[in-house]
Amino acid sequence: MQEYITIAEALSVRAAITRRLHHLMQERMQNSKVIIEKGEQAEYPSRTVDMITEEIERTAADYRTLDVLIAKANISHTIRWNDLDLTVLEAIELAKQTRSELSMLASLGAAKKMERHVSRGGSGDGAKPLFTVALYDPEAYSRAAQKKEREAVKLSSLIEQSNHTHKLPFDASAYMG
């Protein structure tokens, strides 16, 4: 019987597989050696290095399979954005770019139109006041940042909706529930 999981579940399962792989690799290293005194018998762990290696190979194969399924789904499914159909993969990249631009716009929007600095050239009558003057309208950039944030939230919401709607053929019973 073919099992199916949503892409949202697949992302969580992929993270769980990554954690399991790290755990298995640590376990393999821990089970690879023991320290004993001369003449003593080594106490062997219940799981051998070979057993753990086989489990690592199976788990890594599951990771690759799931990763390819997610990638294929992100290329084949689309999201409607600004009168265009974007693949989910493209929408994810657009969301990253939008968040990056949002960060820059917010930084520009947080600046003061004019800011006075400590003067150079000493103190007293010889001191000259220095100012940093923004060569743009910070308030306009603050508004643009707010607009970008709304766009990023909406786009992320559409991606998330797609991730909860579409399913992948993958038996995740070894990693969830």
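Just so it is clear, the values below take in all heavy atoms, side chains as well, and ignore hydrogens, waters and symmetry mates. Quick caveat: nothing in here was measured; it's all calculated off a predicted structure.
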Could you grab the distance from atom CD of Q30 to atom CD1 of I52, nearest 0.5 Å is fine?
8.5 Å

Rounded to the nearest 0.5 Å, the OG1 atom of T48 sits from the CE atom of M51 at a distance of 5.0 Å

Under the salt bridge (Lys or Arg N to Asp or Glu O under 4.0 Å) rule, what pairs show up with a residue in residues 21-34, not counting sequence neighbours?
E27-R47

T98 side chain to L94 main-chain N or O, any donor-acceptor pair under 3.5 Å?
yes

N82 side chain to L84 backbone, donor-acceptor under 3.5 Å
no

Identify the two heavy atoms, one from A174 and one from R20, that lie closest to each other, and give their separation to 0.1 Å.
O-NH2, 2.9 Å

Please report the closest heavy-atom contact between A91 and L155, naming both atoms and the distance.
O-CD2, 3.6 Å

Tell me whether K113 contacts the main-chain N or O of L135 through its side chain, where contact means a donor paired with an acceptor under 3.5 Å.
no

Search all heavy atoms of F170 against all heavy atoms of D62 and return the closest pair with its distance.
CE1-O, 3.8 Å

From I159 CD1 over to I92 CD1, what is the distance, rounded to the nearest 0.5 angstrom?
5.5 Å

List for me each residue that meets side chain to side chain contact (heavy atoms under 4.5 Å, CB included) alongside Y4, sequence neighbours excluded, and say none if there are none.
Q2, K167, P169

In the structure I gave you, are the side-chain heavy atoms of I7 and V88 within less than 4.5 Å of one another anywhere?
no

Got a list of side-chain donor-acceptor pairs under 3.5 Å for residues 142-149, not counting sequence neighbours?
{"unit_1": "K147", "atom_1": "NZ", "unit_2": "E151", "atom_2": "OE2", "d": "3.1"}

With E160 via side-chain hydrogen bond (donor to acceptor under 3.5 Å, both in side chains) - residues at least two apart
H164

Quick check: are there more than 12 heavy atoms from other residues, nucleotides or ligands sitting under 6.0 Å from CD of E43?
no

How close do T6 and N163 get, heavy atom to heavy atom, and via which atoms?
CB-O, 3.5 Å

For residues 46-77, which residue pairs pass the ring-ring contact (aromatic ring centres under 6.0 Å, His included) check, not counting sequence neighbours?
H77-H166

Side chain S32, main chain M29, donor-acceptor under 3.5 Å
yes

Which other residues end up in the same hydrophobic cluster as V49, if Ile, Leu, Val, Met, Phe, Trp and Tyr are linked when side-chain heavy atoms come under 4.5 Å apart?
none

Write out all pairs satisfying salt bridge (Lys or Arg N to Asp or Glu O under 4.0 Å) with one or both partners inside residues 81-98, taking only residues at least two apart or from two chains.
R80-D85

Is any side-chain heavy atom of Q41 closer than 4.5 Å to one of I36?
no

To the nearest 0.5 Å, atom CZ of R150 lies from atom CG of L102 at 11.0 Å

My understanding is that only residues two or more places apart in sequence, or in another chain, count here; which of them pass side chain to side chain contact (heavy atoms under 4.5 Å, CB included) with Q26?
none

If you group Ile, Leu, Val, Met, Phe, Trp and Tyr by side-chain heavy-atom gaps below 4.5 Å, do L89 and V68 land in one group?
no

Contacts of N31 that satisfy side-chain hydrogen bond (donor to acceptor under 3.5 Å, both in side chains) - sequence neighbours left out
none

Of all heavy-atom pairs between P138 and A111, which one has the smallest distance, and what is that distance?
CB-O, 3.3 Å

Sequence neighbours left out, what passes side chain to side chain contact (heavy atoms under 4.5 Å, CB included) with A61? Give chain and number order.
R64

Find out if a path of hydrophobic residues (ILVMFWY) with successive side-chain heavy-atom gaps under 4.5 Å connects L86 to L158.
yes

Indicate the atoms forming the closest heavy-atom contact of A60 with L21, along with that distance.
N-CD2, 3.8 Å

How about Y141 and M104: do any of their side-chain heavy atoms sit closer than 4.5 Å?
no

Strictly distance-based, threshold 3.5 Å: is any side-chain N or O of S103 a donor or acceptor partner for the main-chain N or O of R99?
no

Between I75 and L69, is there shared hydrophobic-cluster membership here, with clusters defined by ILVMFWY side-chain heavy atoms closer than 4.5 Å?
no

Residues in ring pair (Phe, Tyr, Trp, His ring centres under 6.0 Å) with Y175, at least two apart?
none

Measure the spacing between CG of L168 and OG1 of T65 and express it to the nearest 0.5 Å.
11.5 Å

So, taking the atom named CG in D67 and the one named NZ in K72, what distance separates them when rounded to the nearest 0.5 Å?
11.5 Å

Residues that F131 engages under side chain to side chain contact (heavy atoms under 4.5 Å, CB included), provided they are two or more places apart
M114, R116, P129, V133

